[in-house]
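The analysis underlying the following values was restricted to heavy atoms, covering all of them including side chains, and did not include hydrogens, waters or symmetry mates. The chains referred to below are lettered A, B, ... by the order of the sequence lines, with proteins before strands, and numbering in each begins at 1.
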Amino acid sequence: MLPLRLEGVHFSAGGNTLLGVIDAAFETGSRTVILGPNGAGKSLLLRICHGLIAPSSGRVVWAGTGRQAMVFQRPVMLRRSALRNITYALSLAGVPGVQRDARAMEALERVGLAGVARRAARVLSGGEQQRLALARAWALAPQVLFLDEPTANLDPGATRQIEAVIDEFDAAGTKIIMTTHSLGQARRMGDEVMFIHHGQVAERAPVKQFFEAPASEEARSFIKGEMPW
Amino acid sequence: MNTFSEAALESARLLLGLDSHLLAIVALSLEVSIAAALCASVIGLPIGAMIAVRRFPGRQFIVVVLNALMGLPPVVAGLVVYLLLSRAGPLGGYGILFTPAAMIIAQTVLVLPIIAALTRQSIEDAWRDYEEQLKSLGVTPSRAALTLLWDCRFSLLTAVLAGFGRAVAEVGAVMMVGGNIDGVTRVMTTTIALETSKGDLPLALGLGAILLLLVLTLNALVLAIRDFAERRYG
């Protein structure tokens, strides 16, 4: 289904331009980290790519059909067990009933939550809920996984666990597109960095190059921590 | 004060005596109002949920009308149902005016907007939190409505309870379409109204106390269920 192409994507609300104009393509293989300060438009860009928000103008074009999933900053769980949260997603995805339980359990094992499969999802800790959100995405076997600051609310231990699961997605061949405002996470998780500033793509480069020799003034100040956020 | 102490004695006597005539009145009250709350829930919960998750032209207007209808005077609901069910009315052929069935219909009409409007509000608030996640998973609006109804089931109990409370406490609608016929359509509120006009204030107040006690018990029960659910499901 890749590459995913953004053609002249622009988004404005109430007369203010929040994003764009952006022309970009996401290729298969590499992990893309969308980096930028709070309010730069990273989340908005991700939602437009995923199809949750329609751009004011321009087009989002997929090269083919396939499954995509998204993990949000704050996981939203239904008032049912961890297992049933996953089988619910599988049912929406049209997976036959007889296969759902097994696929859901496999996904829970993958993120280390098999032990709490029958527990109510909402009473799990923040880190566990986020891993459950990843398990829900895993069960769907997406070709592209969008992650919107998936560890922004988590402590370092939980963050490491989440990043390990994201690595597994990558190893399984899922295209990773994630936003973060953490430089460390961008270094650890990215193959390439797309740096967003004031709704524009200020720079896009392989991760090593981005951190060692940033081309744009905005990226340089962001990396040095000079911007007031 | 004298009337109140007499009333306290009277209600204690009524409760302890378990007078079969009184029991029948209490039972009919509960039967009619529970049936009405259930009918209104079956119709009102899906309506409220669909309005909450769908965007369509005229939606705002419907929300305003629904909210306004929460204040529908019982006598007006009673009058409308009376006109529909009376001999000359469009549903007159069924001959159910002055029966408990007519009372259930009138109370359903009265309570439906309350349950639908409160459901709409609850589900809409929840939808704000769930919308992106469920849309990301590819949910259709009808499926989203069902999912949210189930996920909000414990808070929706309050909406159903508000409907039941309104039904069991009203007198105008059941009086108009039931006729307060002794042994047939006499319920607690119509009895209270009747005994008050006859001057038997202790009996009226005693019945009022029983009515309050019933509603209080039911509310306590629902609160306990909600508390349990909150701890169990978060």
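- When the shell of 6.0 Å around CZ of Arg80(A) is examined, it contains more than 12 heavy atoms from other residues, nucleotides or ligands.
- Residue Gln133(B) holds its CD atom at 9.0 Å from CG of Leu52(A), rounded to the nearest 0.5 Å.
- Using a 4.5 Å cut-off between heavy atoms, Leu140(A) contacts chain B through its side chain alone, with no backbone atom that close.
- For the pair Phe146(A)/Ser136(B), no side-chain contact is recorded, criterion being any heavy-atom separation below 4.5 Å from C-beta on.
- No more than 12 heavy atoms of other residues, nucleotides or ligands lie within 6.0 Å of CZ in Arg59(A), so this atom counts as exposed by the packing criterion.
- The minimum heavy-atom distance linking Asp151(B) with Leu78(A) is given by the pair OD1-CB, 3.4 Å.
- Residue Arg160(A) qualifies as open at atom CZ: its count of foreign heavy atoms under 6.0 Å is 12 or below.
- Contact annotation for Arg67(A): neither backbone nor side-chain heavy atoms come within less than 4.5 Å of a heavy atom of chain B.
- For the residue pair Arg153(B) and Arg79(A), the shortest heavy atom distance occurs at NH2-O, 3.5 Å.
- Counting heavy atoms from C-beta on, the side chains of Val76(A) and Glu132(B) never come closer than 4.5 Å.
- Around CZ of Phe61(B), the count of heavy atoms belonging to other residues, nucleotides or ligands within 6.0 Å does not exceed 12.
- Chain B is approached within less than 4.5 Å, heavy atom to heavy atom, by Ala120(A), Arg122(A), Val123(A) from residues 114-123 of chain A, ordered by number.
- Environment of OH in Tyr82(B): sparse, with no more than 12 heavy atoms of neighbouring residues, nucleotides or ligands closer than 6.0 Å.
- The contact between Arg231(B) and chain A is made entirely by backbone atoms, counting heavy-atom distances below 4.5 Å.
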